[in-house]
There are 2 protein chains.
Amino acid sequence: MPEQPPYLRIADELRRRIMEHMWEPGDRLPSRTQIGQECGVGENVVRRAQELLISQGMLEGRAGSGTYVAEPRQRVRIVRSSAREQPEGSPFHADMKAVGRQGDWESRTDAKIPAPPEIAARLGISEGDLCVRTTYEFLADGRPVQLSASWEPYDLTAGTLVVLPEGGPHAGAGVVNRMAAIGITVSHAVEQPEPRQATTEEASLLGTQKGSLVTHIRRTYYSDQGHPVETADIVIPASLCEIVYEIPIGR
Amino acid sequence: MPEQPPYLRIADELRRRIMEHMWEPGDRLPSRTQIGQECGVGENVVRRAQELLISQGMLEGRAGSGTYVAEPRQRVRIVRSSAREQPEGSPFHADMKAVGRQGDWESRTDAKIPAPPEIAARLGISEGDLCVRTTYEFLADGRPVQLSASWEPYDLTAGTLVVLPEGGPHAGAGVVNRMAAIGITVSHAVEQPEPRQATTEEASLLGTQKGSLVTHIRRTYYSDQGHPVETADIVIPASLCEIVYEIPIGR
DNA sequence: TCGAATTTGTGCGTATGTATC
DNA sequence: GGATACATACGCACAAATTCG
């Protein structure tokens with residue numbers, strides 16, 4: 001006798017009401033106490049049901065304020081392929097342009113940061129060697145959609161015009177173009193995507209729910225000499241972005 | 001004064017004991033009642049702590065049996081790039097060979113299945129058009145590490161030797177090689193990785209924990225004519241595999 | 001400006017289900 | 001089949017955040 005648990009029944013009920021446009025996106029739901037009394041269940045049952053729908057991206061909880069019907073935001077398509085690298089402009093600008101959005105970013109660069117163990121391993125340098133670290137917050141139409149922290153060995157660019165990724169004449173041109181400017185040819189990138197849950201800080205920066213799913217990409221650019229020239233940790237929230245890899249098959 | 005909640009204290013305690021080899025991988029922990037009494041907390045506090053460590057892949061809960069220290073299984077590296085496609089052999093074999101593991105798979109093909117809406121859209125055919133569907137369970141050293149469901153338009157291969165992906169002279173050779181055998185050149189693939197939690201069925205098939213994280217890749221192969229020739233849903237558990245995309249940058 | 005009321009979020013307890021031995 | 005242990009669902013208390021008078 002598969003009797004459905006109360007909280008799933010309430011979840012279905014809430015889903016039904018949203019589907020029937022009883023509440024529109026952006027609307028605030030009645031309080032848990034109200035819904036509970038109306039449906040004849042305890043308020044925790046309502047809470048469980050709402051948590052389920054929140055995890056599915058259908059509802060959105062705001063502490064102290066209420067539970068809201070989530071806006072069906074169109075996801076940004078982020079293309080990750082060789083075609084992404086253009087002789088001019090940044091890869092992110094190209095992504096945003098392709099979906100008709102305005103692409104901007106905020107960045108903060110710290111020069112001469114000692115490399116932590118994992119970064120050192122990825123860059124093929126020694127732990128504690130100096131790096132230039134730049135943290136990014138990428139925005140689509142002014143709203144954050146992607147986080148990133150980029151690391152470059154300080155020795156590689158020291159004394160050149162491209163020491164600072166977001167400064168000088170090649171500011172914001174992307175790693176490939178900047179390296180090209182100092183005579184380094186970037187031949188390939190390796191990306192390692194991993195699913196995980198957003199930290200509270202990430203969720204806050206991205207404006208997503210706390211446990212929401214993200215793809216954490218560890219990307220490393222290599223020169224034609226086979227040496228790593230840059231590595232980055234990129235955090236892409238599933239609710240805001242879709243990731244697309246294009247792979248040529250040429251035989 | 002940020003006072004640490006009891007369940008986090010217990011989690012740290014359990015972590016510490018594991019680090020100090022008080023319990024070895026594969027060992028069963030004492031029951032929650034026992035741990036609770038020993039540490040002076042309720043057993044639900046122990047449960048919370050264990051859930052946390054389980055979600056981090058450090059512990060493993062087996063219903064009716066006990067909670068165990070997870071075996072530190074080496075993850076399989078799955079490379080997704082053009083280099084993966086070889087004139088002979090399957091891409092999966094190449095992956096496994098590269099990490100020194102034996103690669104096998106079990107498959108089941110159903111011919112003439114009507115295409116569900118999403119598959120039809122991805123293949124550029126009409127809903128209900130007939131397809132050949134093959135579901136796979138990929139094994140590394142005999143243990144499942146990856147699930148996949150592949151769809152091909154029936155019209156494309158009907159009457160040829162490669163109708164059945166896992167039958168005939170080109171069995172298991174991969175989509176690119178099979179299509180080449182009937183004169184179709186596959187020019188590129190598009191992969192869309194998305195993070196989500198494993199369903200109960202997937203977790204059971206893969207031998208992972210229930211809510212564990214997976215990367216669900218929607219992959220579509222396109223011919224040089226620009227038409228989709230195959231699409232697949234690939235489920236890769238984060239605890240067992242690491243995914244690597246290699247992207248050439250050539251200017 | 002501040003504080004009280006409201007609402008969501010977190011932690012913990014208890015009862016029951018279910019799988020394993 | 002019984003005993004044991006994990007898994008699930010529900011309830012309660014309190015904290016944190018927001019809103020509003």
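Side chains are part of it too, since the values below use all heavy atoms of this structure and drop only hydrogens, waters and symmetry mates.
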Please write out each protein N/O paired with an N/O of nucleotides 9-13 of chain C under 3.5 Å, distance rounded to 0.1 Å.
from   : atom 1 : to    : atom 2 : distance (Å)
C:dG9  : OP1    : A:G61 : O      : 3.3
C:dG9  : N7     : A:R32 : NH2    : 3.1
C:dG11 : OP1    : B:Y7  : OH     : 3.3
C:dG11 : OP2    : B:Y7  : OH     : 3.4
C:dC12 : OP1    : B:P6  : N      : 3.2
C:dC12 : N4     : B:R48 : NH2    : 3.3
C:dG13 : OP2    : B:N44 : OD1    : 2.4
C:dG13 : OP2    : B:N44 : ND2    : 2.9
C:dG13 : N7     : B:N44 : ND2    : 2.9

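Between the side chains of B:Q146 and B:W105, no donor-acceptor pair is found at a separation under 3.5 Å. Under the 3.5 Å distance criterion, with hydrogens and angles disregarded, no donor-acceptor pair is assigned to the side chains of A:T220 and A:E230. Side-chain contact annotation: B:Q37 with B:R32, donor-acceptor N/O pair under 3.5 Å absent. No side-chain donor-acceptor contact under 3.5 Å links A:R219 and A:Q192.
Remark: C1' of C:dT6 and OH of A:Y68 are 12 Å apart, rounded to the nearest angstrom. Between A:R9 atom CZ and D:dA9 atom C1' the separation is 14 Å, expressed in whole Å. Taking atom CG of residue B:L29 and atom C1' of nucleotide D:dC6, one finds them 13 Å apart after rounding to whole Å. In this structure, A:L52 atom CG and C:dT8 atom P are separated by 17 Å, rounded to whole Å.
For B:Y7, there are no ring-ring contact (aromatic ring centres under 6.0 Å, His included) partners two or more places apart in sequence or in a different chain.
Remark: B:Y221 OH to B:S150 OG distance equals 9.5 Å, nearest 0.5 Å.
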